[in-house]
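Here's the structure we're looking at; comments come further down.
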Amino acid sequence: MMSNPQFWQFLLQSLKIAYALFDADYRLVEHDASFALWTTGSQRDLRGMYLLDLLPELIGHGLDTPDAHLPSIFPIRLENINRSMPSDEVRYFTLTVMPCDRYLNAALMVLIADVTEQGRYIQDLMQSHNELRLLWNQLSSLNEQQDFLLKHYLPPDVAEALVKGTLRPELGGKLREVTILFADARDFTAIVANLPPERVMNVLNDHLEIVVDAISAQGGTVNQFQGDSVMAIFNTHDDQPDHAIRAVKAGIKVQQALFSYQKRRQQQEERNFHFGIGINTGPAIVGNSGARWRYTYTAIGDTTNVAARITAAVPAYEIWISKTTYEQLNDSFTVVPLAPMQFKGKLHPITLFRVLFDLESR
C-alpha cells in the first residue's frame with residue numbers, strides 16, 4: 001500500500017499539497033492536476049516546461065544554472081507566495097524544493113502547499129496591525145493637540161489636575177483660604193491710542209508673558225487675562241501654607257522683570273506698559289464657574305473683589321497688599337502702612353500696606 005502512487009496522490013490532495021518532479025536540467029517530467037492549476041491557472045499538461053518559468057519566485061535561490069549536484073542549497077522553502085486564480089481569487093502557497101531519491105527518476109521534487117486560510121489570516125492580521133498603528137498615530141496626534149490646548153487654554157497646574165483626576169471637570173468649587181494677585185497696566189488706553197492694533201497685541205503679549213512667568217515660578221495659578229490685566233490665585237487645589245508670601249514674591253519679581261525689560265526697550269524708543277499690583281488674602285470659593293458648555297477656573301468672593309479694588313488704585317511699579325496678606329508675611333518683607341482707603345461697596349475703609357523693594361534686582 002505504501003508503494004501505491006494513487007495512495008500518495010490521495011494523501012497529498014487531502015493535505016492540499018501539489019507535487020511536481022523535475023530532471024537534472026530543471027525540466028518538468030511529472031506533476032499532478034493541482035500543481036498545474038495553482039501555477040498556471042489551468043489543468044493542462046506542463047511536462048517539459050522549465051522550472052524557473054513556472055516558478056519565477058525561485059530565481060535568485062541558487063537554481064539559475066542547471067546542476068544536479070547542489071545539496072548545499074536544499075531544501076529551498078518560500079512561504080506565503082500568492083497567485084491569482086482564474087476566478088480572480090488570490091490564494092497563498094508555501095513552496096518547497098528538495099532533491100529526489102534516485103528511484104523516482106527525477107532530480108528535484110517541488111511541493112506546493114495551499115495555505116490560503118493561513119495567508120489570509122496573516123494578511124488580515126497585518127492589515128489590522130497597520131490600522132492599529134494608524135489609529136495609534138492618530139490618537140498620539142490627538143493627544144498632543146489636546147495637551148497643547150489644555151496647557152495653553154487652561155493654567156498648566158489646572159490642566160494637570162484635570163488629567164490626574166484630582167480636579168473634577170464640573171461646575172462648583174470649595175471654600176479655601178487663598179491669596180489673590182492682580183497685575184494691571186496703568187494708562188493702557190492712552191498709551192495704545194496711536195498704535196496699530198497688531199502692534200498693541202504684540203507689545204502687550206510680551207509684557208504679559210513676563211508677568212505670567214514670574215507668577216508661575218512661585219506656584220501661582222494664572223486663571224484670567226482681562227485685556228491688560230492678569231489675575232492669579234495662590235493656594236488653589238494644591239496646599240501652599242505660605243501662599244501670601246509666594247504672592248508677594250511673585251509681585252516683586254513681576255515688577256523687577258518688567259523694569260529690566262522696559263529699560264532695554266526704552267533704548268529702542270519703544271512704548272511700555274507699567275503695571276500696578278494689588279494683593280489680598282482671604283476665603284473664596286475656588287473651582288469651575290460658568291455654564292454647562294463653558295467653564296472658567298477661578299476664585300469667587302469678596303477676597304477677589306477687594307484685590308481688584310486695591311489693584312485699581314495702585315500706581316505703576318508699586319505693590320499694595322491688604323492687612324490680611326500682611327499678617328501672613330512673618331516679617332519676610334519690608335512694608336509701609338498707607339492711609340486706609342474706602343472702596344466702592346465696602347462699609348469700612350480697607351487697611352493697606354505698600355511693599356518696599358528694589359526695582360533693579362540684584
Side-chain angles (χ1 to χ4, degrees), residues 151-152 155-157 179-234 242-280 307-322 325-326 329 331-339 341 352-362:
K151 289 183 177 178
H152 287 77
D157 55 328
T179 297
I180 306 295
L181 179 152
F182 279 95
D184 185 63
R186 309 288 76 151
D187 301 323
F188 177 80
T189 302
I191 292 174
V192 304
N194 297 318
L195 291 177
E198 61 273 13
R199 184 59 185 154
V200 173
M201 179 66 76
N202 291 336
V203 175
L204 180 60
N205 286 343
D206 289 343
H207 283 71
L208 293 180
E209 183 174 351
I210 293 172
V211 175
V212 171
D213 286 347
I215 293 171
S216 298
Q218 290 299 324
T221 298
V222 176
N223 70 306
Q224 287 186 26
F225 293 97
Q226 300 172 338
D228 57 321
S229 177
V230 177
M231 174 183 171
I233 314 169
F234 292 80
D242 58 343
H243 51 89
I245 294 175
R246 287 172 177 263
V248 175
K249 284 183 177 180
I252 292 173
K253 186 59 181 177
V254 165
Q255 296 292 31
Q256 291 175 335
L258 285 173
F259 182 76
S260 175
Y261 170 72
Q262 292 166 357
K263 279 184 64 176
R264 297 193 301 270
R265 287 172 52 84
Q266 284 174 352
Q267 297 173 359
Q268 304 169 6
E269 299 183 354
E270 292 279 1
R271 303 299 298 271
N272 292 311
F273 300 139
H274 310 299
F275 284 72
I277 294 176
I279 300 174
N280 185 33
R309 296 284 191 273
I310 295 172
T311 306
V314 181
Y317 291 119
E318 292 191 14
I319 302 170
W320 289 6
I321 64 174
S322 67
T325 301
Y326 168 72
L329 298 186
D331 298 322
S332 301
F333 306 92
T334 302
V335 301
V336 295
L338 300 171
M341 298 190 67
L352 300 174
F353 298 84
R354 177 188 172 193
V355 180
L356 300 182
F357 60 94
D358 291 330
L359 266 179
E360 298 194 60
S361 58
R362 295 168 184 160

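Fair warning: this is a prediction, and the values are worked out from it, not measured in the lab.
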Atom pair [atom1] ([X]) and [atom2] ([Y]), whose distance is rounded to the nearest 0.5 Å:
{"X": "F353", "Y": "I310", "atom1": "CZ", "atom2": "CD1", "value": "11.0 Å"}
{"X": "D213", "Y": "Q218", "atom1": "CG", "atom2": "CD", "value": "12.5 Å"}
{"X": "L352", "Y": "R309", "atom1": "CG", "atom2": "CZ", "value": "13.5 Å"}
{"X": "N223", "Y": "I233", "atom1": "CG", "atom2": "CD1", "value": "4.0 Å"}
{"X": "I321", "Y": "I277", "atom1": "CD1", "atom2": "CD1", "value": "12.0 Å"}

Decide side-chain contact (heavy atoms from CB on, under 4.5 Å) for V314 and I319; before the verdict, give the C-alpha distance in whole Å, the side-chain angles of both, and the deciding distance to 0.1 Å. CA-CA 7 Å; V314 181; I319 302 170; over 6 Å; no
List the steps and the verdict of side-chain contact (heavy atoms from CB on, under 4.5 Å) for I215 and V211. CA-CA 6 Å; I215 293 171; V211 175; 3.8 Å; yes
Hey, does the side chain of [X] reach the backbone of [Y] with a donor-acceptor pair shorter than 3.5 angstrom?
{"X": "S332", "Y": "L329", "value": "yes"}
{"X": "R354", "Y": "V336", "value": "no"}
{"X": "Q255", "Y": "F275", "value": "yes"}
{"X": "Q256", "Y": "D358", "value": "yes"}

Hydrogens and angles aside, do Y317 and Q262 bring a side-chain donor and acceptor to less than 3.5 Å of each other?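 Note: Y317 and Q262 side chains meet the donor-acceptor criterion.
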Checking side-chain contact (heavy atoms from CB on, under 4.5 Å) between W320 and each of I279, L338, N280, T311, which is the one that passes?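 Single side-chain contact (heavy atoms from CB on, under 4.5 Å) partner of W320 among I279, L338, N280, T311: L338.
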Given side chains that start at C-beta, do those of F234 and L181 come closer than 4.5 Å, heavy atoms only? yes
Measure the shortest side-chain to side-chain distance between Q224 and V230 over non-hydrogen atoms and say whether it is less than 4.5 angstrom. no
Give the minimum heavy-atom separation between [X] and [Y], together with the two atoms involved.
{"X": "A316", "Y": "H274", "answer": "CB-CB, 3.5 Å"}
{"X": "K253", "Y": "A214", "answer": "CG-CB, 3.8 Å"}
{"X": "A257", "Y": "I210", "answer": "CB-CG2, 3.4 Å"}
{"X": "A313", "Y": "M341", "answer": "CB-CE, 3.9 Å"}

Given the rule in the ring-ring contact (aromatic ring centres under 6.0 Å, His included) test, do H207 and Y261 qualify, once you have shown the distances and angles that lead to the verdict? CA-CA 9 Å; H207 283 71; Y261 170 72; 5.3 Å; yes
Checking F225 against D228 for the side-chain contact (heavy atoms from CB on, under 4.5 Å) test, could you report, in this order, the C-alpha distance in whole Å, the side-chain angles of both residues, the deciding distance, and whether it holds? CA-CA 7 Å; F225 293 97; D228 57 321; over 6 Å; no
Where do K249 and F333 land on the side-chain contact (heavy atoms from CB on, under 4.5 Å) test, with the steps shown first? CA-CA 9 Å; K249 284 183 177 180; F333 306 92; 3.6 Å; yes
Greater than 12 external heavy atoms within 6.0 Å of Y326's OH: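 No, OH of Y326 has 12 or fewer neighbouring heavy atoms, counting only those of other groups under 6.0 Å.
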